[in-house]
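Mind looking over this structure? Questions follow.
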Amino acid sequence: MIDKIEQLKKEIQDFNLSGNDELEAFRLKFLSRNGEVQEMFKLMGSVPKQEKAAVGKAMNEVKVLAQNKFDTAKKELESSTKKEFGALDDITLPVEPSFTGSFHPLTQALDEIKQIFLRLGFNIADGPELEDDFHNFTALNFPPDHPARDMQDTFFVRKSDDPKSDDLVLRTHTSPVQIRLMKEQKPPLRSIMPGRVFRNEAVTAKSYFQFNQVEGLYVDEHVTMGELIETLVMFARLMYGSDVKYRVRPSFFPFTEPSLEMDVWWGSENGGQWLEILGAGMVDPNVFDATGVDSEKYTGFAFGMGVDRIAMLRYGIDDIRLLYENDIRFLNQFKS
Ligand code: DAH
């Protein structure tokens, strides 16, 4: 009898409980009502009286061994599956909301501007944010003593006393990209040039030390002022709706002659104001000369607009600083 018990004990000890299937097989084989442990107890009746105590003790040990082995393995299996499938513990729990990003209002405004000019047959070009004095000022027909070159407005990265070496600046506008384009490519040219620009200005709700512009340039034979105005009106209608109220005023820029500015009316019939949205003009022949474009053969128009202003108008943003602080509570409002 004792041998039989020893053999059962060994079987229990050797049983491999590595998974749920084995656990169940173990339970059925040893611990169930008809399992081998219960069957063993049934043999008690045939055990001689004087051995009953010892045999009973041995049987009980085997029973406890089987139960302990089962309980320990079950606990281990449960905790390891929990680690693996933690999130599935309770599939009726609501899922945590996942974070979806959104496009920055500047990106959205810029995309709209790009789409409009792509429709009008323009392509997209770009140039560096770090410029030399030649591209940012000289080639654009800024006289040497022009106030825009003053330290007040321009971030100088390298200021040289040697008149032969150029200053390096953070570009103050996107117009230098016009110069690069005219130097690198032959007319006809029809491009817009979006980009970030920098001015050494006090930070307020209305001005910031960096902002975004979109430059435009169209150079070909016989380009006229009429085409310039038509293009700008087309832009205003596509951007602000066909009932947009606009006006075009004469202005001055060193690199265009004649020059103009365009305003759109912002507000209702009885309350509102004119807001300038862009500067433009016919490319000054001096600019053609500086870039090697034949000013006898070609004419052209150029324009430059502020993307920040357009985004602020479009979304009713009254403080430009919000566009650069990347506060998630602000940005989350521009999900499209
Ligand atoms: N560069 C000008 C500025 O930053 C904007 C501008 C005006 C660009 C007239 C042009 C233009 O191309 O023709 O204020």
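Just so you know, ligand 1 is whichever comes first in the structure, and atom 1 is the first atom listed for that ligand.
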- Item | Evaluation steps, salt bridge (charged side-chain N to carboxylate O under 4.0 Å, His left out), between D153 and R199 | CA-CA 5 Å; D153 301 314; R199 299 222 184 136; over 6 Å; no

- Message: As a test of understanding, state which of F255, F156, F142 forms a ring-ring contact (aromatic ring centres under 6.0 Å, His included) with F137.
- Response: F142

- Item | side chain to side chain contact (heavy atoms under 4.5 Å, CB included) between F330 and I317, worked out | CA-CA 10 Å; F330 170 76; I317 300 164; 3.8 Å; yes

- Query: So which protein residues pack against ligand 1 under 4.0 Å, heavy atoms counted?
  - Reply: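 Shell around ligand 1 (4.0 Å, heavy atoms): H173, S175, Q178, R199, Q213, E215, F253, F255, T256, G279, A280, G281, A302, F303, G304.
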
- Plane angle bin for F117 and F235 - parallel if under 30°, tilted between 30 and 60°, otherwise perpendicular: parallel

- Message: Classify the ring geometry of F155 against F209: parallel below 30°, tilted from 30° to 60°, perpendicular beyond 60°.
- Response: perpendicular

- side-chain hydrogen bond (donor to acceptor under 3.5 Å, both in side chains) partners of residues 124-138, not counting sequence neighbours, each pair once: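 Every pair satisfying side-chain hydrogen bond (donor to acceptor under 3.5 Å, both in side chains) with a residue in residues 124-138: E129-R196, E131-R180, D132-H135, D133-T138, D133-R149, H135-K183, N136-T172, T138-R149.
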
